[in-house]
Amino acid sequence: MPELPETETIARDLDAAIGGARRVVGTTIVRCWRRAKLVVIDLSSSDRIVVQPRFTGALLIDDGHLDAAERRYSAVAFHLADGRTLHYRDIRRLGTVTLMNPGRFAEYVSAIGPEPLDSAFTVAHLSARIRRSRQAIKKVLMDQKAIAGVGNIYANEGLWRAGIDPSRSAATLTAGETARLHDAIVSVLTESIDARGTSFRDYRDASGQRGRFAERLDAYGRAGEPCHRCGHRLIGTHRTVLCANCQS
DNA sequence: AGGGGAACCCGTACGC
DNA sequence: TGCGTACGGGTTCCCC
């Protein structure tokens with residue numbers, strides 16, 4: 001399930017492969033980039049193709065060698081002037097591909113919170129958002145209106161790094177905890193992008209490769225295994241995992 | 001307003 | 001073996 005680092009990897013690869021004036025029938029792909037968990041494809045017409053992969057969506061380039069298994073679930077195909085085809089494939093079909101004009105795109109994006117890897121995302125910003133919510137801190141982290149791009153995996157990882165219980169009411173976090181959480185989110189997302197994301201289940205990048213961050217996870221998917229920090233057994237379901245000893 | 005819950009979808013895992 | 005069913009999971013929409 002692509003979160004920020006996986007979506008960033010998809011967008012970067014896509015931009016390298018087809019960004020910079022690749023002609024599609026009737027228009028030209030100018031640039032591919034990421035906002036939150038969305039892959040955004042800028043067209044010369046000033047419209048944009050906005051792809052939300054959700055769980056199983058992937059953008060794959062067929063240069064004539066894409067195997068039939070990958071092509072099988074293709075829902076949308078963009079034929080490029082150079083002969084290649086950009087496929088949106090989605091096994092569970094919960095993802096979306098939307099063509100937006102500039103007004104619609106601006107409206108859509110304005111409802112999304114700040115990018116955690118932008119300099120505008122400061123401890124003060126996180127603190128202000130956290131302080132006014134009595135919801136569990138993990139739920140706030142996953143709220144796209146609060147912070148863009150963080151989902152279940154990186155919410156678990158960030159909270160583990162910061163040593164904070166995911167079920168803690170957001171408003172009860174101290175200034176020190178908020179600062180640690182901010183640093184934890186930024187570092188885990190940055191490191192995951194460097195590793196080309198976390199591959200779980202169906203996620204593949206634009207060339208069909210898996211990400212390497214899965215082997216570096218500290219919490220997500222590790223219930224019952226020893227904490228990498230203190231050795232205590234991690235508790236929880238596959239959804240929320242924590243170390244009861246060092247996340248209080 | 002803010003929070004809670006259902007719907008969306010289909011491959012996988014599991015039970016009989 | 002083969003069929004049927006429960007499950008998952010982010011976002012959106014609806015309702016309280």
Side-chain angles (χ1 to χ4, degrees), chain A residues 1-11 34-40 48-60 67-76 87-100 104-116 128-159 166-173 185 188-189 192 197-205 208 210-211 213-214 217 219-224 236-242:
Chain A
M1 66 215 84
E3 297 183 28
L4 188 153
E6 296 75 30
T7 315
E8 180 70 31
T9 303
I10 293 168
R34 178 196 61 77
R35 173 76 169 102
K37 300 176 191 170
L38 309 166
V39 177
V40 182
R48 291 182 173 92
I49 298 166
V50 177
V51 178
Q52 190 173 62
R54 293 271 174 97
F55 311 105
T56 54
L59 286 157
L60 303 169
D67 64 61
E70 295 283 8
R71 248 197 335 263
R72 182 174 162 205
Y73 295 100
S74 175
V76 186
H87 286 281
Y88 175 72
R89 80 112 168 85
D90 193 345
I91 294 166
R92 290 194 205 165
R93 305 173 69 90
L94 280 165
T96 57
V97 177
T98 311
L99 183 66
M100 296 188 191
R104 173 81 183 93
F105 181 75
E107 179 193 2
Y108 186 78
V109 162
S110 70
I112 304 172
E115 286 292 326
R129 183 59 186 77
I130 275 175
R131 211 173 302 152
R132 63 184 166 88
S133 178
R134 269 179 270 174
Q135 283 199 331
I137 183 61
K138 178 164 179 259
K139 195 146 191 273
V140 175
L141 293 182
M142 292 173 67
D143 180 352
Q144 298 304 293
K145 291 193 280 296
I147 305 167
V150 176
N152 192 43
I153 294 175
Y154 299 102
N156 275 305
E157 293 302 303
L159 288 162
S167 65
R168 280 268 298 283
S169 169
T172 69
L173 264 63
I185 291 165
V188 75
L189 292 174
S192 184
T198 302
S199 275
F200 238 78
R201 304 185 183 186
D202 304 290
Y203 166 73
R204 296 290 188 283
D205 64 31
R210 304 173 71 89
F213 199 70
L217 294 172
Y220 183 82
R222 298 194 64 247
T237 60
H238 76 277
R239 190 128 185 86
T240 299
V241 178
L242 68 146

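By convention in this document, chain letters (A, B, ...) are assigned in the order of the sequence lines, proteins followed by strands, and residues within each chain are numbered from 1.
For the residue pair A:Tyr154 and A:Thr198, a side-chain donor N or O sits within less than 3.5 Å of a side-chain acceptor on the partner. Of the N and O atoms on the side chains of A:Ser167 and A:Lys138, not one donor lies less than 3.5 Å from an acceptor on the other residue.
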**Request:** Please lay out, stage by stage, how A:Glu115 and A:Leu4 fare under the test side chain to side chain contact (heavy atoms under 4.5 Å, CB included).
**Result:** CA-CA 9 Å; A:Glu115 286 292 326; A:Leu4 188 153; 3.8 Å; yes
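Rounded to whole angstrom, the span from the CG atom of A:Asn152 across to the P atom of C:dG10 amounts to 5 Å. One interatomic measurement links the two molecules: CD1 of A:Ile147 to P of C:dT11, which rounds to 13 Å at whole-angstrom precision. The separation between A:Arg239 atom CZ and C:dG8 atom P is 9 Å, rounded to whole Å. Atom-to-atom, CG of A:Asp90 to C1' of C:dG10 comes out at 12 Å; the value is rounded to the nearest Å. Nucleotide C:dT11 holds its P atom 8 Å from the CE atom of A:Met142, rounded to whole Å. Between the CG atom of A:Leu38 and the P atom of C:dG10 there is a distance of 15 Å, given to the nearest Å.
With A:Phe105 as the aromatic partner, A:Arg48 meets the cation-pi criteria of under 6.0 angstrom to the ring centre and within 45 degrees of the ring axis.
Within the 4.0 Å cut-off from OP1 or OP2 of C:dT11, at least one side-chain nitrogen or oxygen of A:Gln144 is found. Within the 4.0 Å cut-off from OP1 or OP2 of C:dT11, not a single side-chain nitrogen or oxygen of A:Tyr108 is found. Distances shown here put a side-chain N or O of A:Lys37 below 4.0 Å from the OP1 or OP2 atom of C:dT11.
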**Message:** For nucleotides 2-9 of chain B, give me one character per nucleotide, 5' to 3': B if any protein heavy atom sits under 4.0 Å from the base, S if the only such contacts are to the sugar-phosphate, - if neither.
**Reply:** -SS---BB
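In terms of the salt bridge (charged side-chain N to carboxylate O under 4.0 Å, His left out) criterion, residue partners of A:Arg168 (sequence neighbours excluded) are, by chain and number, A:Glu177. With sequence neighbours left out, the side-chain contact (heavy atoms from CB on, under 4.5 Å) criterion links A:Pro114 to A:Phe121, A:His125. The side-chain hydrogen bond (donor to acceptor under 3.5 Å, both in side chains) search around A:Ser133 returns none, not counting sequence neighbours. By the side-chain contact (heavy atoms from CB on, under 4.5 Å) test, A:Gln144 pairs with A:Ala36, A:Lys37, sequence neighbours left out.
Comment: A:Arg129 engages A:Asp143 in a salt bridge, judged by a side-chain N to carboxylate O separation of less than 4.0 angstrom.
Each end of the helix from B:dG2-C:dC16 to B:dC16-C:dG2 gets its own rotation axis from five pairs of C1' atoms, and the angle between them is 50° to the nearest 10 degrees.
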